[in-house]
Amino acid sequence: MRRWCPAVFLAGLFVAAGAGAEAQVAQRPDSVSQVAPTASLSAYPLDSAARRRRRLRLVVGGSALSYGVLYTGLTTAWYTGERVPLHWFNDLPEWQQLDKCGHFWGAFQESRGAVDMLRWAGLSEKKAIWYGSFVGFVVQSPIELLDGFDPAYGASATDLAANFLGSSALLAQQLAWHDIRIMPKWSFHLTSYAPQRPNVLGKTVVERWLKDYNGQTYWLCTDVGAFLKAGNRWPRWLQPALGYGGQDMVYNDDGTNAAAGLRPYRQFYLSVDIDLRRIPTRSSVLKKVFYTLSIFHLPAPALEYNPRNGFGFHGLYM
């Protein structure tokens with residue numbers, strides 16, 4: 001359940017941020033959609049200061065309420081046993097660091113949604129970027145403090161660092177470009193490992209999405225066209241993608257896996273991605289859908305390298 005709170009908050013944040021997605025989109029002369037925050041207010045004008053205040057109250061109040069409800073539910077449903085003084089636990093060697101990738105991805109995307117919602121609410125560009133960029137860190141980090149008082153867990157400094165780096169990566173791009181040119185994304189496929197330890201890796205499909213690191217792949221997708229000169233012919237929706245994953249992980253540490261006859265290993269991928277935000281459309285509904293789905297890497301051909309089997313090719317990698 002500890003992982004559900006940030007996941008639920010992220011889902012809600014992106015559905016809400018998608019409502020103002022068309023306010024963040026302007027058309028380039030080549031008719032390819034591009035995020036243009038500096039033009040967002042003129043693209044979707046706010047007709048009064050009162051309207052801006054209403055939107056801001058809606059964003060701040062709704063987010064605060066959701067945040068409070070989620071963490072109140074977490075503390076009353078999960079952290080109900082013995083409490084101990086705050087202590088720390090080093091989980092960096094576990095799960096081939098895929099959990100750290102998840103923290104980075106989650107903090108980045110939560111901050112991204114928050115920045116766009118604050119823009120939609122009418123905040124100045126500077127305030128929207130600075131206030132929104134660390135929402136991901138604020139949303140995800142309290143779990144580490146709660147873990148720190150639980151005798152079965154412990155606060156993780158590396159989880160906090162991954163949260164901070166995710167929010168910082170969003171902030172750096174917004175300050176440099178007022179846009180996102182390098183997008184972390186996530187993809188998932190079902191594996192045969194979860195049935196071996198369903199209480200940890202998940203029983204249902206949705207639980208396995210969140211818990212089975214063997215099926216998770218994290219990507220960095222680059223908007224090549226944004227780095228080229230204006231008027232170039234590179235299709236903005238087509239982006240190269242670097243991926244990272246792992247296999248043979250039923251237990252969190254390599255020693256326990258080895259005792260069970262497993263040898264965890266890392267996987268590296270080279271693929272392409274379709275940036276749905278860049279697909280031209282006049283439909284406000286599709287803009288909202290594309291914005292929300294842009295956190296995922298879509299299935300595509302991929303070249304894989306791993307130290308166990310060397311190079312391999314996937315005609316369609318999930």
Novice: Answer yes or no: is there a side-chain heavy-atom contact under 4.5 Å between V289 and K287?
Specialist: no

Novice: Check for a donor-acceptor pair, side chain of R266 on one end and backbone N or O of Q96 on the other, with a separation under 3.5 Å.
Specialist: yes

Novice: Only counting residues at least two apart or in another chain, list the ones meeting side-chain contact (heavy atoms from CB on, under 4.5 Å) with C221.
Specialist: K185, W219, Q239, A241, D273, H297

Novice: Checking the side chain of N257 only, and the main-chain atoms of L262 only, is there a donor and an acceptor separated by less than 3.5 Å?
Specialist: no

Novice: Look up atom NZ in K203 and atom CZ in R208, then write down how far apart they are to the nearest 0.5 Å.
Specialist: 13.0 Å

Novice: First locate atom CH2 of W209, then atom NE2 of H189, and finally report the distance between them rounded to the nearest 0.5 Å.
Specialist: 14.0 Å

Novice: Ignoring hydrogens, what is the shortest heavy-atom contact between R112 and S294? Give both atom names and the distance.
Specialist: NH2-OG, 2.6 Å

Novice: Under the side-chain hydrogen bond (donor to acceptor under 3.5 Å, both in side chains) rule, collect the residues that match up with T256, sequence neighbours excluded.
Specialist: D253

Novice: Would you compute the distance between atom CG of L201 and atom OH of Y193 and round it to the nearest 0.5 angstrom?
Specialist: 10.5 Å

Novice: Identify, with sequence neighbours excluded, every residue that meets ring-ring contact (aromatic ring centres under 6.0 Å, His included) alongside Y244.
Specialist: F268

Novice: Does D254 have any salt bridge (charged side-chain N to carboxylate O under 4.0 Å, His left out) partners at least two apart in sequence or in another chain, and if so, which?
Specialist: none

Novice: Once side-chain contact (heavy atoms from CB on, under 4.5 Å) is applied, do any residues pair with L276, and if so which ones, sequence neighbours excluded?
Specialist: I274, I279, F290, L293, L298

Novice: Is it the case that over 12 heavy atoms from other parts of the model lie below 6.0 angstrom from the CZ atom of F164?
Specialist: no

Novice: Tell me whether L160 is reachable from L145 by hopping between hydrophobic residues (I, L, V, M, F, W, Y) whose side-chain heavy atoms are closer than 4.5 Å.
Specialist: no

Novice: If the plane angle is over 60° it's perpendicular, under 30° parallel, otherwise tilted; pick one for Y213 and W95.
Specialist: tilted

Novice: Between M318 and P299, is there a side-chain heavy-atom distance shorter than 4.5 Å?
Specialist: yes

Novice: Just wondering, do D91 and K100 contact through their side chains at under 4.5 Å, heavy atoms?
Specialist: yes

Novice: So which atom in S141 and which in N163 form the shortest heavy-atom distance, rounded to 0.1 Å?
Specialist: OG-ND2, 3.4 Å

Novice: Going only through I, L, V, M, F, W and Y residues with side-chain contacts under 4.5 Å, is there a path from Y251 to M249?
Specialist: yes

Novice: Do L242 and Y269 share a hydrophobic cluster (ILVMFWY, side-chain heavy atoms under 4.5 Å, transitive)?
Specialist: no

Novice: Of all residues at least two apart in sequence or in a different chain, which pass the side-chain contact (heavy atoms from CB on, under 4.5 Å) check with S283?
Specialist: T281, V285, L286

Novice: Verify the cluster assignment for L190 and W186: are they in a single hydrophobic cluster under the rule of side-chain heavy atoms below 4.5 Å apart?
Specialist: yes

Novice: Who passes side-chain hydrogen bond (donor to acceptor under 3.5 Å, both in side chains) against S167, sequence neighbours left out?
Specialist: S111

Novice: Rounded at 0.5 Å granularity, tell me how far CG in D159 sits from CD in E144.
Specialist: 4.0 Å

Novice: Please output the side-chain donor-acceptor pairs of residues 130-138 that fall under 3.5 Å, not counting sequence neighbours, one pair per line with the distance.
Specialist:
unit_1 : atom_1 : unit_2 : atom_2 : d
S133   : OG     : I129   : O      : 2.5

Novice: Please report the closest heavy-atom contact between A162 and H103, naming both atoms and the distance.
Specialist: CB-CB, 3.6 Å

Novice: Could you state the interatomic distance from CG (L228) to CZ (R233), rounded to the nearest 0.5 Å?
Specialist: 13.0 Å

Novice: Donor-acceptor pairs are to be reported for all side-chain atoms of residues 303-313 against protein atoms at under 3.5 Å, with residues two or more places apart or in another chain.
Specialist:
unit_1 : atom_1 : unit_2 : atom_2 : d
E304   : OE1    : H314   : NE2    : 2.6
E304   : OE2    : Q267   : NE2    : 3.1
E304   : OE2    : N306   : ND2    : 2.8
N306   : OD1    : R308   : N      : 3.0
N306   : OD1    : N309   : N      : 2.6
R308   : NH1    : D248   : OD2    : 3.3
R308   : NH2    : D248   : OD2    : 3.3
R308   : NH2    : R263   : O      : 2.4

Novice: Give a yes or no on whether the backbone of A128 and the side-chain of R119 come within a donor-acceptor separation of less than 3.5 Å.
Specialist: no

Novice: Could you check F227 against W234 for ring pair (Phe, Tyr, Trp, His ring centres under 6.0 Å), going step by step and ending with a plain yes or no?
Specialist: CA-CA 10 Å; F227 293 98; W234 183 277; over 10 Å; no

Novice: If you compare all heavy atoms of T292 against all heavy atoms of F296, which two are closest, and at what distance to 0.1 Å?
Specialist: O-CE1, 4.5 Å

Novice: Is it true that a side-chain atom of N232 and a backbone atom of K229 form a donor plus acceptor pair closer than 3.5 Å?
Specialist: yes

Novice: Can we say R236 and D275 salt-bridge, meaning some charged N sits less than 4.0 Å from an Asp/Glu carboxylate O?
Specialist: no

Novice: For G245, is there any backbone N or O sitting under 3.5 Å from a side-chain donor or acceptor partner on Q216?
Specialist: no

Novice: Can a donor-acceptor pair be found, under 3.5 Å and without considering hydrogens, that links the side chain of Q247 to the backbone of N214?
Specialist: yes

Novice: Under the side-chain hydrogen bond (donor to acceptor under 3.5 Å, both in side chains) test, which residues partner N252, sequence neighbours left out?
Specialist: E94

Novice: Answer yes or no: is there a donor N or O on one side and an acceptor on the other, between the side chain of Q97 and the main chain of L92, under 3.5 Å?
Specialist: yes

Novice: Sequence neighbours excluded, which residues qualify as side-chain contact (heavy atoms from CB on, under 4.5 Å) partners of F108?
Specialist: A169, L170, Q173, I180, M183, P184

Novice: Quick one: OG1 on T222 to CZ on R181, what's the gap to the nearest 0.5 Å?
Specialist: 11.0 Å

Novice: Using the side-chain hydrogen bond (donor to acceptor under 3.5 Å, both in side chains) criterion, which residues pair with S168? Sequence neighbours excluded.
Specialist: none

Novice: Establish whether V206 and W105 are linked, either directly or via other cluster members, by ILVMFWY side-chain heavy-atom contacts under 4.5 Å.
Specialist: yes

Novice: Less than 4.5 Å apart, side chain to side chain, heavy atoms only: is that true for D147 and F89?
Specialist: no

